[in-house]
Amino acid sequence: MSIPQAFIQELLARVDVVDVVGRHVPLKKSGANFMGLCPFHGEKSPSFSVSPSKQFYHCFGCGKNGNAIGFLMDHAGMGFVEAVQDLAQGCGLQVPDERASPEERARAASERRRQASLTEILEQAATAWQKQLRRAPQAIEYLKGRGLSGEIARRYGLGYAPPGWHGLASVFAEYDSPALVEAGLVILIEDEDRRHDRFRDRIMFPIRNAKGECIGFGGRVLGDDKPKYLNSPETPVFHKGRELYGLHEARTPMREHGYALVVEGYMDVVALAQHGFGNAVATLGTACTGEHVHKLFRFTDAVVFSFDGDAAGRRAARKALEAALPYAGDTRSVRFLFLPPEHDPDSFIRAHGSEAFAREVQQALPLSRFLLEAAAQDCDLGTAEGRARMLSHAEPLWSALPEGGLKRQLLGELAQAGQLPVPDLLGLWARSAAHGARPGTEGAGPAGSGRAARRSGARTPVERAARLRMPRSAHGGRSDHAARLLLSHMHFLEDLSHEDLSLLREQPAPHGPLFLWLETRLHEHGPQPWAVLREALAGHECQPLAQRLLTGSHAQTEGEERELRAELRDLLNRMLVDAILQEQKLLIENAADDPQALQRYRELQERRLRLEGARPPAS
């Protein structure tokens, strides 16, 4: 979505930053400004100032500052477009999209109204169930038995869905409305033309998005009936693989504690909050996904995953490891906490207390150690066969890490554990990837092939060139135009393969650093328009290059998105061909000493011909 800068200026002129911040932070008048406790770091004395005249906020403690849009992005974890849309909705403005047709704009507006209607319905149900809880002594006793106070129940909006098939009929006058089915509150049995409540005789846990809107529910039985937990189905506003229970409530505690604690269940979240760990969130009955990790890193630079110590917990931890690897790096911390098999966080903290649990968190396994353990699982490192198997397991895990100090250190540790010199290990992995690659699945294919390449962890000519310290000449015009396309359409990065991203990162300065900055920015904030990227680049070493590329008539990158993606793909293919040609040159020079050089040369030749065949006809 491309939002005109003029609209951004109009929007910021209409909203009041004091009102926007005040919905999230208690503010008190202090002279010409308003003051409050900073929501971005823990403090006891207010140092967070909001200026009505400047329409700006600034914390004198941690230095955070910005306008109303920036506050929603930093505090609520919204993307730029989402923050603009949220503010625009509040003041009755329609967000224009420079690239959208009138029909597309109308559809987008209709979809926003539909989603707003569903969240209102879900909020109405949440309020009704909260009232029901006050009149349900058996539910209150259950929660007290789990050690929960009324304050925690109110903070998380806990409720109770009473027994009976049509309890919500007393809440919604139009019980037969299709919207109740679409919201996941009512189940329609079409063959019999009847409907009934989805949730009955359960403790209800409202699931809220980062903005605090109710988007779904989790319900737990009071006894031992099955299923113990029942979640809302997928709806237009609720997607299990993207949302985290308790995220809205945990935003400030995460900053105070300095990390997010990811657990497996609703009760774990509220029980930990009861004992001072309000920074806990839970996945919603699904394995941890990359989207979960990406979302958490918008609020904190440290994540601790807590799992049961049994086999199921280890399997869940392995999935979380794979989801976290692309986002781990030199400035982020990911750790894994394994409790004794007989405990989950709720039972452990009730049995041993908060201090004992805090010690367990401090001793959690770093991602680097868990990666080594996962690679070595079921491998006898006392034998050559076991070490070889461990290295085979380790390659896709190591490949998923972003470039940096952590990745380089782990390479050395893996090589040491496998009793191989680092160059030999890299050569082994390169040959293994080359023999395992399927023709037509790298580089030249559509966006989907990029995702397949990322999953396979394939080694690339670009990375081999970098490891061999092979000089690579960059075609300045191609690098310029690729950067221009990605600065204008940042979301194109999401479908590039590991090989493509490595190719861009390895370009000579200043292009390589700019591509690396863009990729990092995407991981941290999601796709952003050039207007935001321009502000974010202020003072950065890449700012002159980016401004040069996006200034003047040559900077226009408008057109059909499909055509622009194809243009980028062609540029990348040409750059890959350049990298392959240089590696082939090096192979010819080493052919006398390396018996496998000619075989590798032939493989690259086939690859190069495929890439060249994928180009459009020359004009």
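- Taking 4.0 Å as the cut-off between side-chain N and carboxylate O, Arg484 and Glu567 do not count as a salt-bridged pair.
- Within a 6.0 Å radius of CD in Glu256, other residues, nucleotides and ligands contribute more than 12 heavy atoms.
- Nearest heavy-atom pair, Leu485 versus Leu571, reported as atom, atom and distance to 0.1 Å: CD1-CD1, 3.9 Å.
- By the neighbour-count criterion of 12 heavy atoms within 6.0 Å, atom CD of Glu234 is densely surrounded, having more than that number from other residues, nucleotides or ligands.
- Between Phe305 and Leu261 the shortest side-chain heavy-atom distance does not fall below 4.5 Å.
- In this structure, Arg505 fails the cation-pi test against Phe515, since its NZ or CZ atom is not both closer than 6.0 Å to the six-membered ring centre and inside 45 degrees of the ring normal.
- Cation-pi geometry between Arg314 and Phe338 is met: under 6.0 angstrom from the ring centre, within 45 degrees of the axis.
- Phe205 places a side-chain heavy atom less than 4.5 Å from the side chain of Tyr245.
- Donor-acceptor pairing under 3.5 Å is recorded for the side chains of Glu395 and Ser399.
- Counted within 6.0 Å of NZ on Lys319, heavy atoms from surrounding residues, nucleotides or ligands total 12 or fewer; the atom is thus considered open.
- The aromatic rings of Phe348 and His352 sit tilted, their planes meeting at an angle between 30° and 60°.
- A cation-pi arrangement, defined by a distance under 6.0 Å to the six-membered ring centre and an angle within 45 degrees of its axis, is absent between Arg220 and Tyr266.
- For the 3.5 Å distance criterion, the side chains of Asp378 and His393 fail to qualify, holding no donor opposite an acceptor.
- Relative ring orientation between His489 and His491 is described as perpendicular, the plane-to-plane angle rising above 60° on a 0-90° scale split at 30° and 60°.
- Residues Glu494 and Pro527 meet the side-chain proximity criterion, which asks for heavy atoms closer than 4.5 Å.
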